[in-house]
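Just the heavy atoms: all of them, side chains too, but no hydrogens, waters or symmetry mates, feed the values below.
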Amino acid sequence: MAWGIGIFDPMPTPAPRYPYALIILGYLLLFVGVYAGLYAAGVIEVLPGATNLLKWDAAYYDAIRQAGYHYTPGQADNAGFFPLFAYWWKLLSVGPVAISLLNGLVYAVSLYFLCRLLRPDPVVLGLFMSLPFLFFLFTPLAEAVYFAFATALLYGVVRKNAWLIFGSLLLAGLTRPSFLFLVPGLVGMELMMRPRNELFHWATWRTILLQYLLPLALATLVVALVQYVQVGDALAYYKTQSEAWGRAFGWPVFPLGRGEGEEIVVLTRFSFWGGMLVSLLGLRYLVEWLGWGRLRSDIRPIELLSVIYLTMSLLSIVFFNPEWFWFMRDEHNATYLTGINRYLQPNPFLLVLLVYVFRQARLTIRGLVLGLVITHLIWLCFDPRYYVHIRNYLPMLYVIRLLLPYVIYHYFRWKPLGYVIVVYSFALQALMFHYFLTGVQVD
C-alpha cells in the first residue's frame with residue numbers, strides 16, 4: 001500500500017510522454033494573457049518596466065552588480081545577499097527588463113529538462129507553473145538561476161553523475177543561502193535510502209563528504225572571501241541577516257503572522273499549510289526509517305530529497321524569522337512569516353513533490369478526514385481561538401476555499417477542473433506580480 005498508512009490507494013501506470021516545450025510555452029503565454037486581460041479590465045494598474053522591476057531584493061542585487069558589496073554593521077545592506085546572480089547580471093551588461101526576460105528563459109529551459117526527467121501530467125505541470133509566487137522566476141532576482149542549478153542537481157542524483165552533482169552544488173551555493181537546506185536533504189537522502197547496516201560504512205560517508213558537503217563548503221568559503229575582500233568582514237552576510245533583518249534562531253512566537261493585504265495573508269497561509277503537510281510527511285518517513293531501518297514507501301531518492309528540502313525551508317521560516325508581527329488582541333509581537341512564499345514555491349523540488357503526490361491514486365475517506373483534522377490543527381498556529389467565533393473562523397475558511405479545488409481535483413482527476421484551477425491560479429499570480437511591481441511585500 002502506497003505510503004504505508006492507507007491514506008492513498010495504490011496507483012499503477014507510468015506517465016506518457018508529452019510535448020513539454022509547447023506546454024510550457026502555452027502556460028507562459030496564458031500567464032501573459034491573464035495579466036494583460038486584468039490590466040485591460042483595470043484590476044491591474046501597471047506593466048513591468050525598468051523602474052518597477054527593481055523592487056525589494058532586486059534593488060540590492062542591482063546595487064551589487066553596479067558597485068559591488070557594501071556593509072554597514074546593523075544596517076540593511078546588499079551584503080545580505082549572495083554574489084553569483086549579481087555578477088552574472090553584471091557580465092551580461094543588460095537592464096532590469098532584459099535580465100528578467102533572460103531569467104524567464106533560464107526558468108523555461110530548466111523546467112523543460114526537469115519535465116523530461118519527471119514526466120509530469122500537463123495539468124500537474126500547470127498547477128505548478130500557475131502557483132501564485134512563481135513570478136519570482138522572471139524578475140531580477142536569483143530564483144531562476146538557482147532553479148537551473150537545482151534542476152542540474154536533480155539530474156545528477158538520478159543519473160548518478162558525481163561531477164554534475166559537485167558542480168551544481170558549488171554554483172547553487174554561490175547563488176542563494178537556500179543551499180543550506182540541501183545539506184540535510186542530501187545527507188538524509190543518502191542515509192535513508194540505504195539499509196541501516198550501511199550507515200557507518202566509509203563508502204557512504206565518502207559520498208556525503210566529497211560529493212555533497214565539499215562543494216557546499218567551498219561555496220561558503222568563496223562567498224566569505226568575496227565579502228572579506230570587498231568589505232573587510234568575511235561574516236558580513238550572516239551579520240546583516242541577523243542584525244539588520246532579525247534572521248537568527250529563536251523559538252516561534254504564536255500566532256504566526258503576516259501584516260499585508262487580505263489576498264497575501266490568505267496565500268501565505270496557503271503556503272504554510274503546504275509546508276506543514278510536507279513536514280509531517282518528512283516526519284513520517286523519519287519515524288519509519290528509525291523504526292524499521294528502511295523506508296517502506298514507494299518514494300524515490302529525489303522525492304525524499306525534495307521532502308526534506310521543503311521541510312527545512314519551512315523550519316527556517318518558523319525558527320529563523322523576526323518577531324515583526326504585532327498581534328493586537330493580546331498586544332505582543334509574534335513571528336512574521338516573511339520569505340515563506342519565495343522559499344516554498346519557486347523551486348524545482350516542489351514540482352518533484354507534486355509529481356509524487358499525483359502519482360498516487362485518489363485520497364481515501366480516511367485520508368480526507370485526517371487531512372481535515374490536520375488542517376484545523378494548523379490553523380491554531382495563526383489564531384488559537386479561531387473556532388470560538390465566526391469572525392475568527394471566516395479568515396481560515398477563505399484559505400480552505402483556495403485549498404478545496406486542489407483536493408477535489410486530486411480525488412476525481414477531472415481535467416476541466418484542473419485547467420480551471422490553473423487559470424484562476426494564474427490570475428492570483430498576476431495579482432501578486434502586480435503587488436511586487438507596486439512595492440508591496442509579497443514574499
Intermediate values then yes/no, side chain to side chain contact (heavy atoms under 4.5 Å, CB included), Asp233 and Tyr228
CA-CA 5 Å; Asp233 193 332; Tyr228 178 77; 5.9 Å; no
Could you state the interatomic distance from CD1 (Ile299) to CG (Leu353), rounded to the nearest 0.5 Å?
8.0 Å
Using the side-chain hydrogen bond (donor to acceptor under 3.5 Å, both in side chains) criterion, which residues pair with Lys415? Sequence neighbours excluded.
Asp121
As an exercise, state the distance from OG of Ser313 to CG of Asn347, rounded to the nearest 0.5 Å.
6.5 Å
Is the distance between the ring centroids of Phe358 and Phe128 under 6.0 Å?
no
Taking everything shown except Tyr424 itself, do over 12 heavy atoms lie less than 6.0 Å from its OH?
no
Find the distance between CG (Asp443) and OG1 (Thr338) and round it off to the nearest 0.5 Å.
4.5 Å
Side chain to side chain contact (heavy atoms under 4.5 Å, CB included) evaluation trace for Ile421 with Val123
CA-CA 9 Å; Ile421 297 172; Val123 176; over 6 Å; no
Scan side-chain atoms only and decide if Asp298 and Tyr356 contain a donor-acceptor pair under the 3.5 Å cut-off.
yes
Is the ring pair Phe270/Tyr406 parallel, tilted or perpendicular, if the boundaries are 30 and 60 degrees?
tilted
So which atom in Leu28 and which in Ala108 form the shortest heavy-atom distance, rounded to 0.1 Å?
CD1-CB, 4.0 Å
Verify, without hydrogens or angle tests, whether Asn341 (side chain) and Val442 (backbone) share a donor-acceptor contact under 3.5 angstrom.
yes
For Tyr386 and Tyr393, take the angle between the two ring planes, folded into 0 to 90°, and tell me which bin it lands in: parallel under 30, tilted 30 to 60, perpendicular over 60.
parallel
To the nearest 0.5 Å, what is the distance between OG on Ser425 and CE on Met432?
10.5 Å
Pi-cation contact, Tyr343 with Arg176 (under 6.0 Å, within 45°):
yes
When the aromatic ring centroids of Tyr146 and Phe82 are compared, is their separation below 6.0 Å?
no
Measure from the side-chain N and O atoms of Tyr18 to the backbone N and O of Pro120, and report whether any donor-acceptor pair falls under 3.5 Å.
no
Determine the minimum heavy-atom distance between Pro322 and Arg247, stating which atoms define it.
CD-NE, 4.3 Å
The complete set of salt bridge (charged side-chain N to carboxylate O under 4.0 Å, His left out) pairs with one or both residues in residues 381-402, sequence neighbours excluded, reads Arg329-Asp383, Asp330-Arg385
Can any side-chain N or O of Trp245 pair as donor or acceptor with the backbone N or O of Thr240 at less than 3.5 Å?
no
About how many Å separate CH2 of Trp88 and CG of Leu91, when rounded to the nearest 0.5 Å?
9.5 Å
Counting N and O atoms only, with roles assigned by atom type, does the side chain of Ser279 sit under 3.5 Å from a partner on the main chain of Gly275, one being a donor and the other an acceptor?
yes
Without swapping roles, check the side chain of His434 against the backbone of Glu45 for a donor-acceptor pair under 3.5 Å.
yes
Can you tell me how far OG1 of Thr335 sits from CZ of Phe325, rounded to the nearest 0.5 angstrom?
11.0 Å
Taking all non-hydrogen atoms of both residues, which atom of Thr311 and which atom of Val278 are closest, and how far apart?
OG1-O, 3.6 Å
Using a 6.0 Å cut-off, check whether atom CZ of Phe113 has over 12 heavy atoms from anything other than its own residue.
no
Identify the heavy atoms of Ala58 and Leu141 that sit nearest to each other, and give their distance.
N-CD2, 3.4 Å
In terms of heavy-atom contacts, Ala172 and Phe179 come closest through O-CB, 4.0 Å
Test your reading of the model: is there a side-chain donor-acceptor pair from Asn103 to the backbone of Pro140, 3.5 Å cut-off?
no
In this structure, is the centre-to-centre distance between the rings of Tyr309 and Phe181 below 6.0 Å?
yes
Geometric class of the Phe382/Trp379 ring pair [parallel <30°, tilted 30-60°, perpendicular >60°]:
tilted
Would you call the rings of Tyr107 and Phe138 parallel, tilted or perpendicular, where under 30° means parallel and over 60° means perpendicular?
tilted
Between the side chain of Gln429 and the main-chain N/O of Phe31, is any donor-acceptor distance below 3.5 Å?
no
If we ignore hydrogens and angles and just use 3.5 Å, is the side chain of Gln230 paired with the main-chain N or O of Tyr69 as donor and acceptor?
yes
Do Arg159 side-chain atoms and Gly156 backbone N/O form a donor-acceptor pair below 3.5 Å?
no
Pairing residues for Ser306 by the side-chain contact (heavy atoms from CB on, under 4.5 Å) criterion, not counting sequence neighbours
Phe349, Val352
So which heavy atom on Val231 is nearest to which on Ala236, and how close?
CG2-CB, 3.9 Å
Do Tyr435 and Glu263 pair up side chain to side chain, a donor and an acceptor below 3.5 Å, judged on atom types alone?
yes
